[in-house]
Protein chains: 4
Amino acid sequence: MARAPVLAENSRRAQSKAANRQQILDAARAVFAELGYEAASIRDVIRRTDLASGTFYNYFTCKEELRQAIADDSAARFRPLLQKAHDEAESFEDYVRRGFVIYFAFVAQESMAQQNGVLAPNFGYRIDTPEMMAVFTEVRAHIEEAIAQGLAPQLDADYFTAAAIGVARELGERMCQRLPLDPLAAAEFATRFVLAGAAAAAIS
Amino acid sequence: MARAPVLAENSRRAQSKAANRQQILDAARAVFAELGYEAASIRDVIRRTDLASGTFYNYFTCKEELRQAIADDSAARFRPLLQKAHDEAESFEDYVRRGFVIYFAFVAQESMAQQNGVLAPNFGYRIDTPEMMAVFTEVRAHIEEAIAQGLAPQLDADYFTAAAIGVARELGERMCQRLPLDPLAAAEFATRFVLAGAAAAAIS
Amino acid sequence: MARAPVLAENSRRAQSKAANRQQILDAARAVFAELGYEAASIRDVIRRTDLASGTFYNYFTCKEELRQAIADDSAARFRPLLQKAHDEAESFEDYVRRGFVIYFAFVAQESMAQQNGVLAPNFGYRIDTPEMMAVFTEVRAHIEEAIAQGLAPQLDADYFTAAAIGVARELGERMCQRLPLDPLAAAEFATRFVLAGAAAAAIS
Amino acid sequence: MARAPVLAENSRRAQSKAANRQQILDAARAVFAELGYEAASIRDVIRRTDLASGTFYNYFTCKEELRQAIADDSAARFRPLLQKAHDEAESFEDYVRRGFVIYFAFVAQESMAQQNGVLAPNFGYRIDTPEMMAVFTEVRAHIEEAIAQGLAPQLDADYFTAAAIGVARELGERMCQRLPLDPLAAAEFATRFVLAGAAAAAIS
DNA sequence: CATGAATGAGCATTCATTCAT
DNA sequence: CATGAATGAATGCTCATTCAT
């Protein structure tokens, strides 16, 4: 009979496993940022690592799973913040402002975490990840709710969400190119811009 | 002695050359739209053609050059329209409106030209092509000019341009998912949104 | 000083060792039958086990050694039966009959032991294992002995053995495809066939 | 417009293509014989060749296709001979004799064609290729026909075919180990053996 | 200039095997 | 002895690119 494996949470083995996983994730984030997700190969990732090629497959079964892990990581960190912004907001204006503040802070942080701050992260290096879609959907839901409650102007929630996210993305990238990073300034610009836009785009 | 070949512009040879080049470009546009730029291989492109694989290299030296050519093609068709909008505009508001109208019309047209309208055109399938940068720069120049002439509010031209382009891109994608395509409605929304935003973002 | 471990034959340790070895052998037999020897990987085998991958190498040094062990196991079970048939036979005819009876019974049993009866056992999944050669040699020796004693017709013992084994193998496979398995019928057919053949092939 | 390809049957290009294909087939036959089909890798095959690895895929899309090509080649050469034997045979006995003669001649020839005469070809290096099945089916049909016409004894055609093929295979291998090759002697042995067996196995 | 076979580097993935725990 | 993570060679296959025809 085989003995039941005694795997202490903090054994040297387990520690090393966690470290290797993190190593791969870090390398992947950097490589995807440099080359783009599609262009990057798994080998590019492990080359950025002191692990052997086969080791990758002890942690992820394919490139897609790796992307998921990274994206989930980003989403898992961002979406609660967004939810909190929504819950704590005292008005529609406040929600918009808080949303932009946390978004640009988040982008700035991700940007600094990576050696090369040039490519904006955009939540996963690609334009339409499922997580980005989820954020979009969530934001739109918040907005529809605000409209329903009469807190926000009557407008096309879908288009408005798209516009706001477009502003956030594009401004986020520009912001990363201006040093020192000033997420609050970007948030201030975006907030004013979008709130005025919302009023103007309201269905007359 | 053989005479040196005199290659008239419209000789059979030249016609054939132009036709082959166009054939490759058309195939590439379709293939890139279907598979995405990275996933598509040159072989996929020439397979869509009645040319031999080696022939590709008489026209382009690598895949990147092909992408450039397509993007330049898009840009070459779009930028004169934008310039015209600028030249004919009678005010800053008019420029913004005309710009959005031609942009959404352009996107709608490209979207319909491709079988599957799901992939956003975005001027060449990728987020930061040099041409996109050029358009960005051009728009910003127009705006700085307008500010200098007192036609537009005093604001951060760089951020404003980014915001406007962000709205255009994101709205363009949403628009493509609503059938029937209604570029004028999108343009109307964007115009109102951005003009109000511009006023609000003006340096106080 | 630690006492040197006294490893009784039936100590817990030894029992566990034997059980692990048997576990691996059983799994291997099943996996080889399902996927074929070449296609099966050691990982496939240990996955069918509750042992860890590294443990395999405490018992076998490589896949080939595992195959040997299985084949030896088959041979070790079959050859005594064959020897017994020889020793108890009262005539050449009787030897041939007994030999076929035990062979087809053996094949039928192996076939049923495995879920899928389609793969012919053939003594170890491969056509020319050393053990098969050994059986061949043994049968030929029996036959040469019978010829020398005047019990069997004068014939080319090598070719005759080959013919008899060919009949056994091929018939064994056909038999496995007819349900319900009827090893006695196959043995009857083979016996008549081979005995008559022997007579006819006798050196005239 | 692309010119229509002018591919002379006997152009240097076409000749080279045919030569390369043959080179691969020859190498594959040798490698499969040495290592077995499953154990052999495509790289083993091309290494035996002066071609580059990628070139393989200009001729075959996978290993299986290669096996097919070889097997078809063998089958395509053998089955007409067998059919001819059947058509020209003047009796059941004659059919059996002719069948064995051509089979052993075929095996002898294949054996000599390969450097290493040790491994018998067996029509494709593996025990149950589709082609082998086809030959089996064909032979059984011939035999059932003979039984129906009263030319052959009433017997279990399926088992009889299996027995005859078993004799052929096993004897073929033994024959290849006796130098000089004497296919006629093997055929003579097999014919006598099988015909007598057929009579004895007849349903009484 | 078109052709398409040849090339060989490159990729994702698997696997036997080792070895620190 | 058992464990299972790490290793890196090997495999099937793709593809951009070259070049003789």
Side-chain angles (χ1 to χ4, degrees), chain A residues 1-8 11-17 19-21 40-46 50-64, chain B residues 5 7 12-14 16-17 20 40-46 50-64 66, chain C residues 5 7 13-14 16-17 20 40-46 50-64 66, chain D residues 1-8 11-17 20-21 40-46 50-64:
Chain A
M1 293 293 172
R3 262 188 296 158
V6 183
L7 184 56
S11 69
R12 192 131 2 139
R13 284 286 272 285
Q15 276 182 311
S16 145
K17 254 204 107 170
N20 283 347
R21 193 187 145 92
S41 73
I42 290 187
R43 280 164 108 106
D44 289 331
V45 172
I46 51 168
D50 61 2
L51 303 173
S53 64
T55 303
F56 176 85
Y57 296 93
N58 288 344
Y59 295 94
F60 305 96
T61 63
C62 62
K63 198 165 73 155
E64 174 56 20
Chain B
L7 190 52
R12 192 87 45 97
R13 194 88 163 267
S16 154
K17 264 203 82 169
N20 284 349
S41 74
I42 291 190
R43 288 167 101 91
D44 292 329
V45 173
I46 51 170
D50 63 0
L51 303 174
S53 62
T55 305
F56 176 86
Y57 295 91
N58 291 337
Y59 296 95
F60 305 95
T61 64
C62 62
K63 195 163 80 153
E64 174 57 20
L66 179 57
Chain C
L7 191 53
R13 195 90 162 264
S16 155
K17 264 204 83 170
N20 284 350
S41 72
I42 289 189
R43 288 166 102 91
D44 292 329
V45 172
I46 51 169
D50 63 1
L51 303 173
S53 62
T55 305
F56 176 85
Y57 294 92
N58 290 337
Y59 296 95
F60 304 96
T61 63
C62 63
K63 194 162 80 154
E64 174 57 20
L66 178 57
Chain D
M1 294 292 174
R3 263 188 294 159
V6 182
L7 184 56
S11 69
R12 193 136 355 146
R13 284 288 272 283
Q15 276 181 311
S16 146
K17 253 203 109 169
N20 284 347
R21 192 186 146 92
S41 73
I42 291 187
R43 278 160 114 103
D44 290 331
V45 172
I46 51 167
D50 62 2
L51 303 173
S53 65
T55 304
F56 175 85
Y57 296 92
N58 289 343
Y59 294 94
F60 305 96
T61 62
C62 62
K63 198 164 74 154
E64 174 56 21

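Sequence lines set the chain letters: A, B, ... in the order given, protein chains first and strands last, and positions in each chain run from 1. Small disclaimer: the values here were computed from a predicted structure and weren't measured.
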Please report, to 0.1 Å, the donor-acceptor pairs under 3.5 Å made by any side chain of residues 50-58 of chain A, with sequence neighbours excluded.
unit_1, atom_1, unit_2, atom_2, d
A:D50, OD1, A:Q23, NE2, 3.4
A:T55, OG1, A:A52, O, 3.4

How would you summarise protein contacts on nucleotides 6-13 of chain F per nucleotide, using B for base, S for sugar-phosphate only and - for none, with heavy-atom distances below 4.0 Å? BBBB-BBB
Main chain of D:K17, side chain of D:N20: is a donor-acceptor contact present, judged purely on distance under 3.5 Å?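 No; judged by distance alone, with no hydrogens or angles, the pair does not exist.
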Once pairs are restricted to Watson-Crick or G-U wobble with both distances under 3.5 Å, how does DNA chain F read as a dot-bracket string, [ ] for crossings and | for other-strand pairs? .||||||||||||||||||||
